[in-house]
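Below: one structure, written as structure tokens.
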Amino acid sequence: MKRILLGSVLGLLLATVLALALALQGQALLPPAAEVQSGDVARAKEFLKRNDPRRVAGNPQRLVTISEADLNLLLGQAALYSHAGAAQLRLHPGLADLRLSLLVPKLGLWLNVQARLRETGRLPEFEHVKVGRLPLPAWLANWVLRAALLRLPAEQDVQFAKDLIRHIGFGEQYAQVKYQWQADSMARVMALVWPAPEQQRALAYHQALAQVAAAYPVYAQVSLARLLPPLFDLARQRAKGDVTLMAAENRAAILTLALHASGKSWAILMPAARTWEPVRPLVVTLAGRDDFPQHFLISAVLAIEGGGPLSDAIGVYKEVADSRGGSGFSFNDIAADRAGTRFGLLAKNSPAKLQVAMSTGLQERDFMPDVADLPEFLSAAQFAQRYGTVESGGYKAQMAEIEARLDGLKLWR
């Protein structure tokens with residue numbers, strides 16, 4: 001009996017080792033995703049505007065069509081943000097071919113997945129799956145997927161998706177999602193985005209900013225350098241040396257300031273904040289201008305939420321859009337964007353360093369370069385005549401100059 005049991009254990013162990021050897025590979029199946037470009041941002045903005053469920057009247061059942069290119073852009077940015085690897089979809093009528101490359105960090109090996117999903121009456125199911133060189137039965141892959149969804153830590157996310165999504169279908173280079181937008185859907189979205197601990201954290205910084213703002217007259221011009229230290233001092237106190245908490249506290253502090261500098265409040269992001277005592281309005285300035293803090297802080301938020309490339313692309317997109325009928329393309333705005341991006345990445349990736357730097361009393365010149373001599377308010381025609389495109393050598397040289405100025409500032413050394 002013991003020999004039989006031992007043989008079974010050894011057989012299982014051998015099978016496991018063999019399966020891992022077949023599943024794990026030394027190289028990724030897919031190259032890293034390309035960074036998002038300003039044109040991608042324009043397309044995403046139009047997509048969100050077109051499919052905003054709050055603006056669609058009539059039947060609560062909605063149908064959203066997403067191109068294969070946009071789906072791959074989303075998958076790529078998710079992979080870049082999570083540092084997990086890469087993903088790619090190829091869509092055909094009734095079918096989707098999925099390829100994944102996931103890094104197994106401790107082993108330095110790759111889990112390469114090739115799968116085909118077929119359309120069903122509601123949600124797609126695996127038709128066949130191959131992990132590395134190991135084929136998996138479709139029934140097993142579907143069972144694993146269902147089991148994994150049931151074991152996700154935030155089960156309300158899964159339940160909300162189940163309640164919302166009615167059907168996912170595939171066409172030639174596009175996917176369609178049919179969903180049922182219900183009366184409480186927006187409230188449920190907000191509850192998922194802003195759980196109770198996040199709401200309490202936001203309230204703490206809202207109250208801290210209100211206390212700071214109370215010392216100034218209404219609409220007084222106040223340098224961003226005066227508002228950052230007290231909020232980051234609160235972040236240091238609340239984090240109590242916990243690195244994970246430091247990043248979360250930094251994020252809340254920056255979001256609070258970004259909203260206030262833009263003339264907004266937490267109420268536009270979370271319904272619960274509508275009952276909070278309002279903050280005395282201030283005109284937040286940087287280098288004597290009230291638009292630079294918005295560029296700086298919004299870019300910092302984007303860097304925290306989506307990484308530096310996303311923030312950079314949105315900054316360039318805005319300037320290109322301005323050159324076509326707005327205030328014009330301005331390299332000094334780009335400089336404020338880039339400074340904010342660096343600030344946001346520091347807040348997320350080196351939260352303790354930023355908190356310590358803030359405690360020393362940073363001045364504007366320590367995190368925002370002198371940009372008075374940079375070209376601004378360029379129309380589309382002027383930009384084209386002087387620089388051509390954002391891929392030209394002249395444009396890249398100007399951007400390199402901005403980066404060099406940032407490199408020389410105290411906070412980035």
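Predicted model, so just to flag it, every value in this text is computed and none were measured. No hydrogens, no waters, no symmetry mates; every other heavy atom, side chains included, goes into these values.
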- Task: Kindly indicate, with the supporting measurements, whether the criterion side-chain contact (heavy atoms from CB on, under 4.5 Å) is fulfilled by Arg236 and Met246.
- Result: CA-CA 7 Å; Arg236 181 184 55 78; Met246 285 180 187; over 6 Å; no
- Query: Run the side-chain contact (heavy atoms from CB on, under 4.5 Å) check on Phe343 and Leu354 step by step: do they pass?
  - Reply: CA-CA 8 Å; Phe343 192 85; Leu354 182 57; 3.7 Å; yes
- Task: For Thr256 and Trp266, run side-chain contact (heavy atoms from CB on, under 4.5 Å): C-alpha distance rounded to whole Å, both residues' side-chain angles, the deciding distance at 0.1 Å, then the answer.
- Result: CA-CA 7 Å; Thr256 301; Trp266 277 104; 3.0 Å; yes
- Would Glu391 and Tyr395 count as a side-chain contact (heavy atoms from CB on, under 4.5 Å) if you check the C-alpha gap in whole Å, the side-chain angles of each, and the deciding distance to 0.1 Å? CA-CA 7 Å; Glu391 298 299 325; Tyr395 175 84; over 6 Å; no
- Run the side-chain hydrogen bond (donor to acceptor under 3.5 Å, both in side chains) check on His167 and Glu119 step by step: do they pass? CA-CA 9 Å; His167 179 251; Glu119 186 178 332; 3.3 Å; yes
- Message: Assess the residue pair Arg251 and Glu198 against the criterion (salt bridge (Lys or Arg N to Asp or Glu O under 4.0 Å)); give the C-alpha distance rounded to whole Å, side-chain angles, the decisive distance to 0.1 Å, and a yes or no.
- Response: CA-CA 10 Å; Arg251 172 180 180 264; Glu198 287 293 332; 3.4 Å; yes
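Taking Tyr387 as the reference, Phe331, Phe383 meet the ring-ring contact (aromatic ring centres under 6.0 Å, His included) condition, with sequence neighbours excluded. In this structure Gln382 satisfies the side-chain hydrogen bond (donor to acceptor under 3.5 Å, both in side chains) test together with Ser379, sequence neighbours excluded. Applying the ring-ring contact (aromatic ring centres under 6.0 Å, His included) criterion to Phe292, with sequence neighbours excluded, gives no partner residue.
Distance alone, capped at 3.5 Å, places no donor-acceptor pair between the Asp233 side chain and the Pro229 backbone. Judged by distance alone, the side chain of Asn72 and the main-chain N or O of Leu89 form a donor-acceptor pair under 3.5 Å. Using modelled atom types, one side-chain atom of Thr360 and one backbone atom of Ala357 make a donor-acceptor pair closer than 3.5 Å. Of the possible donor and acceptor atoms, none in the side chain of Ser392 sits under 3.5 Å from a partner among the backbone N and O of Gly388. A donor-acceptor pair is defined here as one N or O able to donate and one able to accept, closer than 3.5 Å; no such pair exists between the side chain of Ser262 and the backbone of Lys264. With Thr120 contributing its side chain and Arg122 its backbone, the two residues share a donor-acceptor pair below 3.5 Å. No donor-acceptor pair closer than 3.5 Å links the side chain of Ser350 to the backbone N or O of Leu346.
Within a 6.0 Å sphere centred on CD of Glu172, other residues, nucleotides and ligands contribute more than 12 heavy atoms. Arg226 CZ: 12 or fewer foreign heavy atoms inside a 6.0 Å radius.
If you take CD on Gln294 and NE2 on His260, they are separated by 11.0 Å, rounding to the nearest 0.5 Å. In this structure, the separation between CG on Asp291 and CG on Leu286 is 9.0 Å, given to the nearest 0.5 Å.
Proximity of Leu98 to Val113: side-chain heavy atoms (C-beta onward) are nowhere separated by under 4.5 Å. The shortest side-chain heavy-atom distance between Pro369 and Leu409 falls under the 4.5 Å cut-off. At least one side-chain heavy atom of Ile402 sits under 4.5 Å from a side-chain heavy atom of Leu406. In this structure, the side chains of Val129 and Val131 come closer than 4.5 Å at one or more pairs of heavy atoms. Between Ile334 and Met399 the shortest side-chain heavy-atom distance falls below 4.5 Å.
Two rings, from Phe329 and Phe377, have their centers 6.0 Å or more apart.
Nearest heavy atom pair, residue Asp242 against residue Thr244, reads OD1-N, 2.9 Å. Taking all atoms of both residues into account, the shortest heavy-atom contact from Leu234 to Ala204 is CD2-O, 3.7 Å. Shown here for Leu95 and Glu127, the closest heavy-atom pair between the two residues is CD2-OE2, 4.1 Å. In terms of heavy atoms, Gln363 sits closest to Ala225 at C-CB, 4.3 Å. Leu297 approaches Leu257 most closely through the heavy-atom pair CD1-O, 3.6 Å.
Checked by atom type, the side-chain pair Thr65/Gln176 shows a donor-acceptor distance below 3.5 Å. With no hydrogens or angles considered, no side-chain donor-acceptor pair links Gln173 and Ser67 at under 3.5 Å. Between the side chains of Thr285 and Asp290, no donor-acceptor pair of N or O atoms lies under 3.5 Å.
Judged as a salt bridge (Lys or Arg N to Asp or Glu O under 4.0 Å), the pairs with a partner in residues 84-99 (not counting sequence neighbours) are, in order, Glu68-Arg90, Asp97-Arg116. Within the structure, the salt bridge (Lys or Arg N to Asp or Glu O under 4.0 Å) test picks out the following pairs touching residues 369-390 (sequence neighbours left out): Arg289-Glu376, Asp373-Arg405. The list of side-chain hydrogen bond (donor to acceptor under 3.5 Å, both in side chains) pairs with a residue in residues 203-220, not counting sequence neighbours, reads Tyr205-Glu249.
Using a 4.0 Å cut-off between a side-chain N of Lys or Arg and a carboxylate O of Asp or Glu, Asp407 and Arg342 qualify as a salt bridge.
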